[in-house]
Amino acid sequence: MRFSVFFIAFAIGYSYSLNVLAQRSEIWREKPGTWLLNTGLGTTKYTGDLSELGNIAHLQLGLGVNIAATYRISQQLSYRAEVQLYYIYAHQKYTRNFYNNLSFRSLNPDIWTGMQVDLWPVNDPHRATIPYVLLGAGITYMRPKAVYKDKSYGLSVLQTEGVAYNQLAGIVRYGFGIPLLANERFRFMLEGTYTHVLSDYLDDVSSVYPDRSSMSSLAAALSDRRAELGTTPNEPGEQRGNTGKNDGYFMVSGRLIFVIITPGQRSYRRQIGR
């Protein structure tokens with residue numbers, strides 16, 4: 001008899017707990033009007049005049065960290081705004097153009113906003129994980145530097161190609177993400193993006209070698225670095241970069257997403273007077 005009473009009490013308590021969990025889960029279900037905060041940490045890969053994508057032995061990977069806010073406007077569409085700090089670098093000694101010996105490194109900020117589109121509605125009961133694509137635009141501040149005689153120098157102010165380019169450049173970003181783990185309020189995603197920079201001077205290299213006779217000795221040394229290898233410098237007008245294609249970078253990151261508030265949670269807070 002006592003066992004039966006205990007079993008009934010346990011069953012009632014267990015059913016109640018499941019009901020509470022179900023209600024709580026429903027409160028945090030993502031719907032239009034939901035705000036999310038997410039942050040990412042990942043690795044970057046620069047693409048441009050000093051890179052060689054086919055060189056697997058020397059990928060020259062950098063690092064990126066960002067934080068973003070997302071607002072859901074429909075079952076498949078969200079607004080997203082993000083700020084990011086990314087480090088990229090490259091050295092020609094690892095490419096077929098090793099004899100030119102150019103290099104750069106850069107720690108840059110960027111900010112962008114755009115759309116995140118889920119491939120299926122988030123209320124689809126038959127899909128536990130829903131991948132997404134993203135597309136947006138923004139700006140970045142380019143700060144290319146190079147090490148010369150154990151010191152780091154900013155390249156943009158030296159005008160190594162005889163060009164005063166704008167360090168502030170537009171960007172276009174697109175990518176793909178897939179959820180890996182999730183609970184009521186936290187999710188972990190893997191995301192890959194490519195950022196197309198609307199400038200060819202992310203690496204301070206774009207067109208041809210300038211006439212270095214009117215440059216300072218430092219600018220001339222960093223414009224053509226063949227002398228460090230003991231070889232003959234390039235003549236003015238010889239090819240230094242590729243003007244036919246702008247620079248950019250890839251980033252693959254792990255992202256932690258936190259559900260800040262949903263319409264269901266707002267309604268619940270109003271009901272309890274908080």
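All of these numbers come straight from a predicted model, not from anything done at the bench. Positions are given from 1, in the same order as the sequence printed here. Note that these values count all heavy atoms, side chains included, but never hydrogens, waters or copies made by symmetry.
Within the 4.5 Å cutoff, side-chain heavy atoms of D247 are placed close to those of D200. In this structure, R187 and V259 have side chains that are in contact, with non-hydrogen atoms separated by less than 4.5 Å. The side-chain heavy atoms of V205 and F104, taken from C-beta on, include no pair separated by under 4.5 Å. In this structure the side chain of P263 reaches within 4.5 angstrom of the side chain of T34, judged on heavy atoms. Here the side chains of N246 and V197 are not in contact, with every heavy-atom distance at 4.5 Å or above. The shortest distance between side-chain heavy atoms of W120 and H126 does not fall below 4.5 Å. Between D118 and R72, the closest side-chain pair of non-hydrogen atoms falls below 4.5 Å. Side chains of L107 and Y87 form a contact here, defined as non-hydrogen atoms less than 4.5 Å apart.
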| field | N108 and Y141: CA distance, side-chain angles, deciding distance, side-chain contact (heavy atoms from CB on, under 4.5 Å) verdict | value | CA-CA 6 Å; N108 304 331; Y141 187 70; 5.8 Å; no
| task | Could you walk me through whether Y148 and E228 pass side-chain contact (heavy atoms from CB on, under 4.5 Å), step by step? | result | CA-CA 10 Å; Y148 178 65; E228 297 170 53; 3.8 Å; yes
| task | Report the C-alpha distance between M115 and L77 in whole Å, list the side-chain angles of each, state the deciding distance to 0.1 Å, and finish with yes or no for side-chain contact (heavy atoms from CB on, under 4.5 Å). | result | CA-CA 7 Å; M115 308 302 295; L77 192 63; 3.4 Å; yes
| query | Are N101 and Q92 close enough, and set up right, to give a side-chain contact (heavy atoms from CB on, under 4.5 Å), and what steps lead you there? | reply | CA-CA 5 Å; N101 198 36; Q92 279 187 318; 5.7 Å; no
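Placement of L85 and M142 in two distinct hydrophobic clusters is found when ILVMFWY residues are connected by side-chain heavy-atom separations under 4.5 Å, directly or transitively. In the hydrophobic clustering of ILVMFWY residues, with side-chain heavy atoms under 4.5 Å counting as a link, V65 and F250 come out apart. If you chain together hydrophobic residues whose side chains sit under 4.5 Å apart, Y165 and I88 fall into the same group. Cluster membership for L256 and L37, using ILVMFWY side-chain heavy atoms within less than 4.5 angstrom, is shared. Under the 4.5 Å side-chain heavy-atom criterion for grouping Ile, Leu, Val, Met, Phe, Trp and Tyr, L181 is connected to V252 within one hydrophobic cluster.
Here CE of M215 is found 12.0 Å from OG of S217. Values are rounded to the nearest 0.5 Å. The structure places CD of E30 at 6.0 Å from OG of S78, a figure rounded to the nearest 0.5 Å. Put simply, CG on L198 and CD1 on I139 are 11.5 Å apart, with the number rounded to the nearest 0.5 Å. Taking NZ from K149 and CG from L222, the interatomic distance works out to 10.0 Å, rounded to the nearest 0.5 Å. If you take NZ on K93 and NE2 on H58, they are separated by 8.0 Å, rounding to the nearest 0.5 Å. Distance OG1/T43 to CG/L59: 8.5 Å, rounded to 0.5 Å.
The shortest non-hydrogen separation linking G254 to F188 is CA-CZ, 3.8 Å. Across all non-hydrogen atoms, the minimal contact from R226 to T231 is O-OG1, 3.1 Å. When every heavy atom of Y89 is checked against every heavy atom of L61, the shortest pair comes out as CE2-O, 3.3 Å. Contact detail for G64 and M251: the closest heavy-atom pair is O-CE, 3.3 Å. Across N234 and E238, no two heavy atoms sit closer than the pair OD1-OE1, 3.1 Å. Residues G154 and K145 share a closest heavy-atom pair of CA-CG, 4.0 Å.
Environment of OH in Y79: sparse, with no more than 12 heavy atoms of neighbouring residues, nucleotides or ligands closer than 6.0 Å. In the displayed structure, R105 atom CZ is contacted under 6.0 Å by at most 12 heavy atoms of other residues, nucleotides or ligands.
Between Y94 and H91, the ring planes are perpendicular. Angles over 60° get that label, and only those under 30° would be called parallel. Between Y249 and Y86, the two ring planes are parallel [angle under 30°; tilted spans 30° to 60°].
At a cut-off of 3.5 Å, with distance as the only test, no side-chain donor of Y201 or D203 sits close to an acceptor on the other residue. Between the side chains of N66 and R255, at least one donor-acceptor pair of N or O atoms lies under 3.5 Å. Side-chain polar atoms of S207 and E161 form a donor-acceptor pair below 3.5 angstrom. Side-chain polar atoms of N97 and T95 form no donor-acceptor pair below 3.5 angstrom. No side-chain donor from either of R143 and S106 sits under 3.5 Å from a side-chain acceptor of the other. In this structure, a donor-acceptor pair under 3.5 Å is absent between the side chains of R225 and N100.
Judged by distance alone, with hydrogens and angles left aside, the side-chain atoms of R240 form a donor-acceptor pair with the main-chain N or O of S223 at under 3.5 Å. In this structure, the side chain of T113 engages the main chain of R80 through a donor-acceptor pair within 3.5 Å. Not a single donor-acceptor pair under 3.5 Å links the side chain of T193 to the backbone N or O of Y174. Side-chain atoms of S156 never come within 3.5 Å of backbone atoms of P144 as a donor-acceptor pair (strictly under, hydrogens ignored). Under a 3.5 Å cut-off, the side chain of Q116 and the backbone N or O of Y132 do not form any donor-acceptor pair. With hydrogens and angles ignored, the 3.5 Å screen pairs a side-chain donor or acceptor of T44 with a backbone N or O of L63.
For the side-chain contact (heavy atoms from CB on, under 4.5 Å) test with D204, the passing option among T160, L158, L102, L50 is T160; the others fail.
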